[in-house]
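Working notes, structure below.
We name chains A, B, ... by the order of the sequence lines, and we start the count at 1 in each one.
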Amino acid sequence: MEKSKVSDILDEIGTLLELRGENPFKCRAYHNAARAIEGVTGDLNALVTSGEIRNVKGIGEAIAEKIAELLSTGKSKYYEELKASLPEGLMTMLKIPGVGPKKVKVLYEKLKLKSVNELEAACKAGKLEKLEGFGKKTEENILAGIEALRRYSSKFLFSVAEKAAINVFEVLSKQKGILRAEIAGSLRRKKEVIGDIDIVASAKKSAVDAIMKMFTSHPDVARITGEGPTKSSVVLNTGINCDLRVVDDAEFPFALNYFTGSKDHNVRLRTIAKKFDLSLNEYGFSRTGSEEKRGKAKKIVACKTEEDIYRTLGLSYVPPELREDFGEIEAAEKHSMPTLISEKDIRGTFHCHTSYSDGANTLLEMAEASQSLGWEYLGIADHSKIAAYANGLTEARVKKQQKEMESLNQKWSGFRIFMGTEVDILPNGELDFSDNVLSTFDYVVASVHSSFKMTESDMTKRIVKALKNKYVTMLGHPTGRLLLQRDAYPINQTAVIDAASDYGKIIEINAHPFRLDLDWRMCKYAKDKGVKIAINPDAHVVDGLLDVRYGVGIARKGWLEKKDVINTLRLAEVKKLFGIRIT
DNA sequence: GCCGTTTTCGGCCCGACTGTTTTCAGTCG
């Protein structure tokens, strides 16, 4: 059993105990243990066998036994019994924003509600307001929460969908008879959230049957929803729909282009094609125009690659990440496509957490992971003291962490840890550390993590006040555009970017889909104002560092070039930017 | 259920908001 699976089960035990109203500290012990396991490096099996697992903080005798049982038998009797004691639907009810274990427990015990559907009906019938501690407003909030849950339940985070897609794709692309294969759709466009996975392949006719068979019998497939000679559809174990289309190799670039989308981008391409008397679809170009013209050039225009398609239409090649009809067609017509940043351009990052606060990995592990990515630096910005939920650092712990950073920095040449902090912007715009403390950091990220429901004007004032502080280097997740997040707050982005420009501050763009802040229009505004932008991978774990890829996708949609994004700067340039003496 | 020790059991992260109450419980980050 995988480490993450063990961690998931421990976490679920904690939640099940909460639903049963057990000792809250016991519940928390399971949640803590789940986090501890997630953060363990190395082989879990070996740790359990050697008994070293007991040295992991948060793992005691009872939980260690359960982990050992999970690893050796794949099951846990305790977990199974706990799960069987409650209806499955209760866990889904917990996903509704504003609904926690205590409420679910009451709803189950008093109203016998066992599922989201039953809860919805009860709300509509006004049954909840009769319960103690519930009211009309609670019903309204729950109904709105259910709607939000339904809207997003069929969506998956990029990183989740990508992992699922790669598992299938790797096996598929090695299949005999495959000529070309690509992951298409919103995944190829690096959208923040993904609806389903589209794979396009070309193959020899004789091999198609075997390829389809291989696809539908892949171990990750939970259910087959369609199987034909050109298209098969499955639902993967993760719950994501996955389509495979197999076409003739001559059709491949057209199919890839068509199924990559976006729909709006494709509509624009087809409109342009018409000007050339061409018709474009997922199979190829064909001549339209007069009978005479068709007679002369009956043959369709052959294209070997997507680049050929764009060239035929008189356009520069448009990278998938820009295909949203956000102005990329116009740029391609003028052959003025910007030089966008790529993963290779990233030299480091500035907003990572470690196990000092709520990160899963130690400072050393994070630093080593960055070096293995070929980066020149890593900026650590753990939470400040008021963020107790995230184990924010007190002044004393800041000192300790900085000491560790200094000693690590002495070990390496050509790589540097930047000592930062993610300091909370308090409701009144003051910061959670004194200027004295702030002055000890290489740079300071200032973020809002509380009191989200201020008016736009008050929130903007709060943030602008924080930006004025001379020790603040950048504004952390300036949340204005909301996606799936709960900790969203209203700000006047234009005013905040103006302030950033006035005070020479950096603005973050989040690679984290729950905190997607600046859309491409705001990026453009920031760029025009000369405000530098940092990609924030919001990395709490080593794996999370890799999410920078996906930050690159977002940066691309923001039309950001290398020079606009500070994560692409060389070490010496960053030192200069932060005002650190170059030694 | 875990931790840390004062080795046998008490304490376990905090602040704000919301909706319910009329002083507080539940939820969230």
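Pairing for B:dT8 is absent, with no Watson-Crick or G-U wobble pair whose two atom distances lie under 3.5 Å.
A:Q371 pairs by the side-chain hydrogen bond (donor to acceptor under 3.5 Å, both in side chains) definition with nothing, not counting sequence neighbours. In this structure A:E324 satisfies the side-chain hydrogen bond (donor to acceptor under 3.5 Å, both in side chains) test together with A:R189, sequence neighbours excluded. Under the side-chain hydrogen bond (donor to acceptor under 3.5 Å, both in side chains) criterion, A:E139 pairs with no residue, sequence neighbours left out. Applying the side chain to side chain contact (heavy atoms under 4.5 Å, CB included) test to A:S50 and every residue at least two apart in sequence or in another chain returns A:E52. Residues satisfying the side-chain hydrogen bond (donor to acceptor under 3.5 Å, both in side chains) test with A:T568, not counting sequence neighbours, are none. Under the ring-ring contact (aromatic ring centres under 6.0 Å, His included) criterion, A:F433 pairs with no residue, sequence neighbours left out.
Between the C1' atoms of B:dC13 and B:dG29, the separation comes to 12 Å (whole Å). Annotation: B:dC12 and B:dT5 have their P atoms spaced 15 Å apart (nearest Å). Nucleotides B:dT8 and B:dC3 are separated by 13 Å at their C1' atoms, to the nearest Å. Using P as the reference atom, B:dG26 and B:dT20 are 14 Å apart when rounded to the nearest Å. If you take atom C1' in B:dT18 and the same atom in B:dT23, they sit 15 Å apart, rounded to whole Å. Between B:dG11 and B:dT6, the distance separating the two C1' atoms is 14 Å to the nearest Å.
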Reading nucleotides 17-26 of chain B from 5' to 3' and marking B where a protein heavy atom lies under 4.0 Å of the base, S where only the sugar-phosphate is that close, and - otherwise, the string is SSSS-----S
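For the segment residues 62-77 of chain A, the set of residues with a heavy atom within less than 4.0 Å of an atom of DNA chain B comprises A:A62, A:I63, in numerical order. Within residues 6-27 of chain A, the residues approaching DNA chain B are A:N23, A:F25, A:K26, by heavy-atom distance under 4.0 Å.
Using a 3.5 Å distance cut-off with no hydrogens or angles, the side chains of A:T460 and A:N492 do not pair a donor with an acceptor. In the model, A:Y30 has a side-chain atom that pairs as donor or acceptor with a side-chain atom of A:K66 under 3.5 Å. A:R35 and A:S7 share no donor-acceptor pair across their side chains, judged by distance under 3.5 Å alone. Residues A:Y356 and A:E404 bring a donor and an acceptor atom of their side chains to less than 3.5 Å of each other.
A:V56 comes within contact range of the sugar-phosphate backbone alone, with a heavy-atom separation under 4.0 Å but no base atom that close.
Between the P atom of B:dC14 and the CG atom of A:D424 lies a distance of 15 Å, rounded to the nearest Å. When rounded to the nearest whole Å, the span between CE of A:M93 and P of B:dT27 equals 11 Å. Taking atom CG of residue A:L393 and atom C1' of nucleotide B:dC13, one finds them 14 Å apart after rounding to whole Å. Atom C1' of nucleotide B:dG29 and atom CG of A:N391 are separated by 14 Å, given to the nearest angstrom. Remark: P of B:dG29 and NE2 of A:H449 are 11 Å apart, rounded to the nearest angstrom. Whole-Å rounding puts the A:D358 CG to B:dG29 C1' distance at 10 Å. As a whole-Å value, the separation of A:N32 CG from B:dG1 P is 14 Å. Distance A:N55 CG to B:dC2 C1': 14 Å, rounded to the nearest Å.
When the side-chain nitrogen and oxygen atoms of A:R28 are compared with OP1 and OP2 of B:dC13, one or more of them lie within a distance under 4.0 Å.
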Distance-only check: which donor-acceptor pairs under 3.5 Å involve side-chain atoms of residues 435-447 of chain A, not counting sequence neighbours?
{"from": "A:D435", "atom 1": "OD1", "to": "A:N469", "atom 2": "ND2", "distance (Å)": "2.9"}
{"from": "A:S439", "atom 1": "OG", "to": "A:N436", "atom 2": "O", "distance (Å)": "2.7"}
{"from": "A:T440", "atom 1": "OG1", "to": "A:Q402", "atom 2": "NE2", "distance (Å)": "3.2"}
{"from": "A:T440", "atom 1": "OG1", "to": "A:V437", "atom 2": "O", "distance (Å)": "2.6"}
{"from": "A:D442", "atom 1": "OD2", "to": "A:M419", "atom 2": "N", "distance (Å)": "2.8"}
{"from": "A:Y443", "atom 1": "OH", "to": "A:F350", "atom 2": "O", "distance (Å)": "2.7"}
{"from": "A:Y443", "atom 1": "OH", "to": "A:I380", "atom 2": "N", "distance (Å)": "3.3"}
{"from": "A:S447", "atom 1": "OG", "to": "A:E422", "atom 2": "OE2", "distance (Å)": "2.7"}

Tell me which donor-acceptor pairs under 3.5 Å the side chains of residues 99-113 of chain A have, and how far apart each pair is, sequence neighbours excluded?
{"from": "A:K105", "atom 1": "NZ", "to": "A:E109", "atom 2": "OE2", "distance (Å)": "3.4"}
{"from": "A:K112", "atom 1": "NZ", "to": "A:E109", "atom 2": "O", "distance (Å)": "3.1"}

Side-chain atoms of residues 124-138 of chain A: list all donor-acceptor pairs with protein atoms under 3.5 Å, sequence neighbours left out, distances to 0.1 Å.
{"from": "A:K124", "atom 1": "NZ", "to": "A:E120", "atom 2": "OE2", "distance (Å)": "3.4"}
{"from": "A:K130", "atom 1": "NZ", "to": "A:G126", "atom 2": "O", "distance (Å)": "3.4"}
{"from": "A:T138", "atom 1": "OG1", "to": "A:G135", "atom 2": "N", "distance (Å)": "3.1"}

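When each of A:A388 and A:Y78 is assigned the nucleotide of DNA chain B with its nearest heavy atom, A:Y78 is the one assigned upstream, toward the 5' end.
Listed candidates were B:dG1, B:dC14, B:dC3. Nearest to the side chain of A:Y30 is B:dG1.
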